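Notes follow once the structure below has been shown.
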Number of protein chains: 2
Amino acid sequence: MSDVALPSYQRIRHVLRQELERGALVPGDRMPTERELVERFGVAHMTVRHAIDGLVRDGLVVRRRGSGTFVVRTRPMARSATRLQSFSDELGGAVVGGRVIRQQEIRPDRDVAEALAMSWNGRVVELVRVRTVDGTPASLQQVFIPFKFAPGLARDDLTDRSLYQYLAEAGVTLDRAEQRMFAVAAQDWHAELLGVPISTPLLAAERLSRDPENHPVELARTWSHPDLSVWVEMNR
Amino acid sequence: MSDVALPSYQRIRHVLRQELERGALVPGDRMPTERELVERFGVAHMTVRHAIDGLVRDGLVVRRRGSGTFVVRTRPMARSATRLQSFSDELGGAVVGGRVIRQQEIRPDRDVAEALAMSWNGRVVELVRVRTVDGTPASLQQVFIPFKFAPGLARDDLTDRSLYQYLAEAGVTLDRAEQRMFAVAAQDWHAELLGVPISTPLLAAERLSRDPENHPVELARTWSHPDLSVWVEMNR
DNA sequence: CTCCGAGATTGTTCTAGACAACTAGGTAAC
DNA sequence: GTTACCTAGTTGTCTAGAACAATCTCGGAG
């Protein structure tokens, strides 16, 4: 099986894509000229162009008339950010892990209660996690969820499941979120857990997610390691 | 003027798009066959296909091999998600102003040239602005645009027009952008222009905008005053 | 050092066909 | 009736060029 005789433009596109992923070319490099590829693959010019068209559409390369075709990126762009997930969930193939620092049921303080539109007598589950990328601390996350949305969250094991998976299993779906981003100086506990000096500038985010009925479900605060940047994708 | 002799595949695409918008065909209808269009426009098969490719990419029509090309929609789909504007352009009604600090044509340094996928010999226009909200400095913006996209930008007056308005008038449209956000400590010139102490944590963003052909058009770096936070809206 | 021009390089557009893959519908055999 | 096959029509792929336009390189003039 598997000898399905792909159209040659797809074959060529596949080969080129693999070479990019393998690292034979890095962003900024110039690809072979179209005429060179015509010779190498023994096809017509239009076929090579057709193959490259796909790489252009995926944003992997850019054509510059009179100059060449240049590598922009060697992997398709990670979407992230505008998607309703924690940032660190998808970091282009790197190994993402996490360690739960705190997991308890508490009374919310004033800010949290107001954000979650709940009373000060209510109960919330607080969850503090260190997210790691390839083993090193990447970001710190503090999540508040009203007790009623996740009764078991204060004790259940989260090492295997993601928080969103957990909520989904509990029948809670997130519909949209607003996020506020700003920069802060690292406090002592940030610094300790992220392994940076105190006062290091950190990228902070405060996100409030809501369910389809517009009820606030989750307040998440994130502090990101300065080496980690956050990508946001925007469309017209 | 305006007789710029578009490539014929673009001309054909434009005619077909207009016919769709005019309502000559409604969703579900079959378009004329490629051979019919070849006759009607007096061009080669591949040229017609090239024209239709664009309509397919925009989701206006779908091709069904052996059957025909069918209308899906007569107007381009609204993209939305996050808006493609500088964040500070929209700050909920506050009076947003700006002061141009630097406006000049320069050779790009290495980072800028790579991001814009252009040669190191090329020219870019650099634009540095202080954005003010109700009179006080709110953010600092440094924009790089390849000279060819905005030949007059190095000298034209920008106080009245927004940069995006200017680009639109020059025939340059932005299709999408990626933005990277991170935190940095304020350097001396940041501090001076924003009126904060040196080393204050600033929210920094680097945004690369592209035109519909995926060519990088604008590299924008923004540093935001710590009192100002940036809102991002997310949807599932 | 800058400016300009000639030539080389590279992507862009277009032609006129050919064959392949697929669809829809009709016809003949069962 | 049902199935199998055939056929005309449609899009999909590909060729072997050719001319064109934008850009880069490099050398020479100022």
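Every chain is numbered from 1, with letters handed out A, B, ... down the list of sequences. These numbers come from a predicted model, not from an experiment.
- Here the P atom of nucleotide dC24(D) and the CZ atom of Phe147(B) are 14 Å apart, to the nearest Å.
- Residue Arg30(A) is classed as a sugar-phosphate contact, given heavy-atom separations below 4.0 Å to backbone atoms only.
- Considering only side-chain N and O atoms, Arg64(B) lies nowhere under 4.0 angstrom from the phosphate OP1 or OP2 of dT23(C).
- Figure legend: Arg63(A) and Phe70(A) shown without cation-pi pairing, the cationic atom not lying both under 6.0 angstrom from the six-membered ring centre and within 45 degrees of its axis.
- Not one side-chain nitrogen or oxygen of Ser67(A) sits closer than 4.0 Å to the OP1 or OP2 atom of dG11(C).
- As a whole-Å value, the separation of Met46(B) CE from dT15(C) P is 11 Å.
- Ring-plane geometry between Trp223(B) and Trp189(B) is classed as perpendicular, the angle between the planes exceeding 60 degrees on a 0 to 90 degree scale with a lower cut at 30.
- Taking the nucleotide of DNA chain D with the nearest heavy atom to each of Ser8(A) and Arg35(A), the more 5' of the two is matched to Ser8(A).
- Protein atom CZ of Arg13(B) is 13 Å distant from nucleotide atom P of dT12(C), rounded to whole Å.
- Looking only at distances, a side-chain donor or acceptor of Arg13(A) sits under 3.5 Å from a matching main-chain atom of His50(A).
- Atoms CZ (Arg49(B)) and P (dG12(D)) sit 5 Å apart, rounded to a whole Å.
- The His50(A) side chain lies nearest to dT13(D) when the options are dA24(C), dT13(D), dT15(D).
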